[in-house]
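Input: a single structure, listed below in structure tokens.
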Amino acid sequence: MTEETYPYQTIEPKWQAFWEKERLFETDTSRTEGKYYCLVMFPYPSSMLHVGHGRNYIIGDVVARYKRMKGFNVLSPIGWDAFGLPAENAAIKGGLHPKKSTLANIATMKRQLRQWGVCYDWRREVTSCLPDYYKWTQWIFLKLFEKGLAYKKRAAANWCSSCQTVLANEQVVNGACERCETPVIQKFLEQWFFKITDYADRLLLDLEKLTDWPERVRIMQRNWIGKSTGVEIDFPIKEEEPLRCFTTRVDTIYGATYMVMAPEHPRLESLIARSPNRQEIESFVERVLRQNKEERSALETKKEGIFTGRTVTNPMTGKEIPLWVANYVLLEYGTGAVMAVPAHDQRDFEFAKQYRLPIEVVIDNPREPLEASRLEAAYIEEGILVHSGPFNGLPSREGMEKIADDMEKRKIGRRASAYRLRDWLISRQRYWGAPIPILYCDRCGILPVPEKELPVLLPEEVSFKPTGESPLKDVPEFVNAVCPRCRGRARREIDTMDTFVDSSWYFLRYLSPKESKRPFDPEVVNRWLPVDQYIGGVEHAILHLLYSRFIVKVLHDLKYLSFDEPFERLFTQGMIIKDGMKMSKSKGNVVSPDELIERFGVDTVRLYTLFIGPPEKDAEWNDRAVEGSFRFLNRVWRLLKALSASGAPKESALERVVPDEKGKVLRRKVHTTLKKVTEDMEGSFRFNTAIASTMELVNEMARTLGEDPRTLSKNEKLLLREASEILVYLLAPFVPHLAEELWSLLGHKESIFRAPWPEYDPSALETEEFTLVVQVNGKVRAKLQVSAGVSEDELKKKILGESAVQKWLNGKRVKQWIIVPQKLVNLVVQG
RNA sequence: GGGCGAGUGGCGGAAUGGUAUACGCUAUGGACUUAAAAUCCAUUGCCGCAAGGCUUGAGGGUUCGAGUCCCUCCUCGCCCACCA
């Protein structure tokens, strides 16, 4: 027996080349029968993949390989989410042009994925920063624009005054710029939005259909959409349009003693036009708007406000109440104005105390009557309506319904919903993204670029300066254009699209990546989607998945797609942690796979990554434990080598075998393991326990093999041959290179990935004897070998005859027998 | 503040309400070796010489039987957060 480690150095490149030659993962999508679309979230091409990234692709590869062996026609594509800020920031710092660095990174990552034995249908590779792809991202924009789902408005953006640029939310860390740590302020800019809020209800409702998504992702999306139901109420103002507010607690309306509007409210300017303290109000508003979002919404931030000089009428009490502006009211939620009920809302309570506004109790605590003057906090629970005119005495729930009915009848209010979900801000004042296909003509206004003029090409010769606007502004050949309507001069939109737009439809492009006349072939797409299994990080639980669902719904409504949810099943894998932290270059705790691959081979790294723990959970990486996986693979290698050296038969002809006791034990182990691993692969992906039980199988095989393989009987050799074959199947998805090598060692000529996954033999699982656990009062007191067909009477007699059991009965009568067949007996005796 | 998870040996982690600690790592002892590495064998939750007792974050409950179900609490992680 050789003591050397197995030759992974030669095995791995050999089979990688073989798979490519065999076109193992090139999928014929014209065949839809048994289709299985296995998708991993396409990566952003950063400079180097670490073992944390690796987990995602390895899991995807395991699923694709397993499903293939199960006979599915598997589609497993890959592409690159190649636009984005890091490449542009590097260029600003004086690095390579984003296109150059991105394409170089893609080449590196491609090499790495191949090295890991991760197989894709490379003919379908898509790269979002190339014109043949972003042409269709622009096309999607045009479709949304046509439908009125893309619009432009002034909105606040995160602004770093030092870098002179707009920052994405993700670039704002603790209220400061991630690059220079300058506090971020809000700046108002004209920006493009997608009207995702039009789809809020459907995005919410259809979550119910996604039963094969992790519950926690569905909950996160539900909370993100954040639907509240309530009533919109008009508060009349003298000589003006009424001011509308939204409330979820219309039962408290009799206690609305003032009203507050957001500082950004569009009607504020005209309402205060004739206020004596107009200037004071304006400077207050300006001060609040200068604060960044974090500052303004931080809990420590004091509630501040100012009286507008105007009053509105509470439509239920008929009383005039003052109208205020305050920093705690958000323009984007509801109507941007709220009725303030200090007695029953904590925020209003604090504000009222501070500015000495009246507090009136209108909901009574049924357990303990409330008194406004003695309140130390708002009573926000439901209760019984008081001081509420005709609604006195009603419980809150009923009061809400009755008051809403009354308002609807009198047309002063109506039932309505409000959502936390905001429209999707898609414009970025950045270079490295898909240009928004819009033209501005002085005569004709805002016009979409005609479809036949797509793509709007991103010019490559630009200078990277942090000016706060896209560098495209300084490229006259780009900016100057001809108006498609009047043929006069027009300007191009210089903002580019958020990269989340690129990634919200890439899974459609994989089906017909070379289409030049349309974004995808609807016929193939409609047969192959929804994606059967989507795999990715939980960090995308909200934005990417919500945006993709939205875009698919829009394309569905436009009749391009027959389905309206993109991802049937979703699996979110956990992060790999090192030294208690997420792996990242800046923290310096990155485990690069290269050194490990050199020492142990890639199959070991794959195996360890899968064995480390349940794939949906975070896991701590331990370099030393990797050796255990390596040891195991070497053990498998030596075992199968020894077996083949012992002259094991080339084929398993089990029908000729009558196993002896030892053989039966082995065969039972083989088939229970096959059953268990198959179950672990289906449903949730329990790779860690699948591998653990495969290790147990190998231990059992080694036991059967014994010290000297030459002493094996012919029957034992046949049984070990069957065991080896099944073992190689079980290992194949996890360690494909070694599995192929062992498969050919067993005499097979075809790839194991073209062999069908075996079925376990139920008869092998049958036993003649089992170990019975005997408990007395719930405590284990004995274990007996019992034959399977034993009758209950015989069993009881046998148990009572055991001295180990009698000792604990102590002569007492057995009150009750609890019998779990084939497993356990509990004797209940008097205390 | 709201929502969602999770707490099991020295470590990663296993356990359809039915033998807690599978599998692996670490550690210790032994075999092989001139020696080391590799490999193989044994031990490895705690207390105890043993018989036995104790043990799944803490405390209660349901049950013949609870890591698992229910209640209260503690700690940690993640997401959201002045959303009317």
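These values consider heavy atoms only, across backbone and side chains, with no hydrogens, waters or symmetry-generated copies. Predicted model, so just to flag it, every value in this text is computed and none were measured. Quick note on labels: first sequence line is chain A, next is B, and so on, each numbered from 1.
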With syn meaning chi within 90° of zero and anything else anti, the base of B/rG24 is anti
Is any side-chain nitrogen or oxygen of A/Asn699 closer than 4.0 Å to OP1 or OP2 of B/rG24?
-> yes
Touch check for A/Trp621, heavy atoms < 4.0 angstrom, all strands: base, sugar-phosphate only, or nothing?
-> nothing
Consider the side chain of A/Lys823, meaning its heavy atoms from C-beta on, and name the nucleotide among B/rC82, B/rG18, B/rA15 that approaches it most closely.
-> B/rG18
Between A/Val773 and A/Glu350, which has a closest nucleotide on RNA chain B that is more 5'?
-> A/Val773
So what does A/Val329 touch, heavy atoms closer than 4.0 Å: a base, only the sugar-phosphate, or nothing?
-> base
Donor-acceptor pair between A/Asn634 and A/Thr5 side chains, under 3.5 angstrom = no
Using a cut-off of 4.0 Å on non-hydrogen atoms, how would the nucleic acid contact of A/Ser228 be classed: base, sugar-phosphate, or nothing?
-> sugar-phosphate
Assign A/Ile612 to base, sugar-phosphate, or nothing according to its heavy-atom contacts below 4.0 angstrom with the strands shown.
-> sugar-phosphate
Among B/rG18, B/rC83, B/rC79, which nucleotide sits nearest the side chain of A/Arg347?
-> B/rC83
According to a strict under-4.0 Å criterion, is A/Arg631 in side-chain N/O contact with OP1 or OP2 of B/rA37?
-> no
Quickly work out the A/Asn777 CG to B/rG52 P distance and round it to whole Å.
-> 16 Å
Spacing of CG belonging to A/Asp680 relative to CG belonging to A/Asn688, to within rounding of 0.5 Å = 8.0 Å
Looking for any heavy atom pair under 4.0 Å, which part of the strands does A/Gly226 touch: base, sugar-phosphate only, or nothing?
-> nothing
Taking only the side-chain nitrogens and oxygens of A/Arg638, find out if one of them lies under 4.0 Å from OP1 or OP2 of B/rC40.
-> yes
Between P of B/rG65 and CH2 of A/Trp817, the distance in whole Å | 17 Å
Would you mind classifying the nucleic acid contact of A/Arg222 as base, sugar-phosphate or nothing, using non-hydrogen atoms under 4.0 angstrom?
-> nothing
Under 4.0 Å between any heavy atoms, over every strand shown, what does A/Asn223 touch: base, sugar-phosphate, or nothing? Just pick one.
-> sugar-phosphate
Toward the 5' end of RNA chain B, by each residue's nearest nucleotide, A/Asp618 or A/Thr248 | A/Asp618
Contact class for A/Val780 (heavy atom, under 4.0 Å): base, sugar-phosphate, or nothing?
-> sugar-phosphate
A/Arg624 side chain N/O closer than 4.0 Å to the phosphate oxygens (OP1, OP2) of B/rC11?
-> no
Euclidean distance, atom CD1 of residue A/Ile219 to atom C1' of B/rG2 [Å, nearest integer] = 13 Å
Contact class for A/Lys676 vs. all strands (heavy atom < 4.0 Å): base, sugar-phosphate, or nothing?
-> nothing
Return the value, rounded to whole Å, for the distance between atom OH of A/Tyr333 and atom P of B/rA81.
-> 13 Å
Over how many whole Å does the gap from A/Lys779 atom NZ to B/rG65 atom P extend?
-> 11 Å
Touch check for A/Lys617, heavy atoms < 4.0 angstrom, all strands: base, sugar-phosphate only, or nothing?
-> nothing
For A/Asn688 and B/rA14, is the shortest distance between a side-chain N/O and OP1 or OP2 below 4.0 Å?
-> yes
A/Arg218 charged N/C atom sitting above A/Trp213 aromatic ring, 6.0 Å / 45° | no
Take the protein atom CZ of A/Arg781 and the nucleotide atom P of B/rC64, then report the distance between them rounded to whole Å.
-> 19 Å
A/Lys195 atom NZ: more than 12 heavy-atom contacts under 6.0 Å = no
Consider the side chain of A/Ile542, meaning its heavy atoms from C-beta on, and name the nucleotide among B/rA84, B/rC79, B/rG24 that approaches it most closely.
-> B/rC79
Pairwise C1' distance, B/rG3 and B/rU8 [rounded to whole Å] | 26 Å
Atom pair distance, as rounded to whole Å: NZ in A/Lys807 and C1' in B/rG53 = 13 Å
What nucleic acid atoms does A/Arg420 come within less than 4.0 Å of, heavy atoms only: base, sugar-phosphate, or nothing?
-> base
Between B/rA84, B/rA14, B/rC83, which nucleotide has the shortest distance from any of its atoms to the side chain of A/Arg422?
-> B/rC83
Go ahead and name the base partner of B/rU63; Watson-Crick or wobble counts if both distances stay under 3.5 Å, otherwise write none.
-> none
Touch check for A/Trp224, heavy atoms < 4.0 angstrom, all strands: base, sugar-phosphate only, or nothing?
-> sugar-phosphate
P-based separation of B/rC70 from B/rG18 [nearest Å] | 15 Å
Taking the side chain of A/Gln775 as its heavy atoms from C-beta onward, which of B/rA84, B/rU19, B/rG52 lies nearest to it?
-> B/rU19
What nucleic acid atoms does A/Leu824 come within less than 4.0 Å of, heavy atoms only: base, sugar-phosphate, or nothing?
-> base
Check whether any side-chain nitrogen or oxygen of A/Thr771 sits under 4.0 Å from OP1 or OP2 of B/rU19, and answer yes or no.
-> no
CA sep, side-chain torsions, deciding dist, call: A/Asp348, A/Tyr328, side chain to side chain donor-acceptor pair (under 3.5 Å) = CA-CA 9 Å; A/Asp348 299 342; A/Tyr328 73 98; 2.9 Å; yes
State which of B/rC40, B/rC83, B/rG65 makes the closest approach to the side chain of A/Asn826.
-> B/rG65
Do A/Ile359 and A/Lys353 come close enough that some side-chain heavy atom pair is under 4.5 Å?
-> yes
Close side-chain approach of A/His344 and A/Val341, heavy atoms under 4.5 Å | yes
Crowded around A/Gln346 CD? As in, over 12 foreign heavy atoms under 6.0 Å?
-> yes
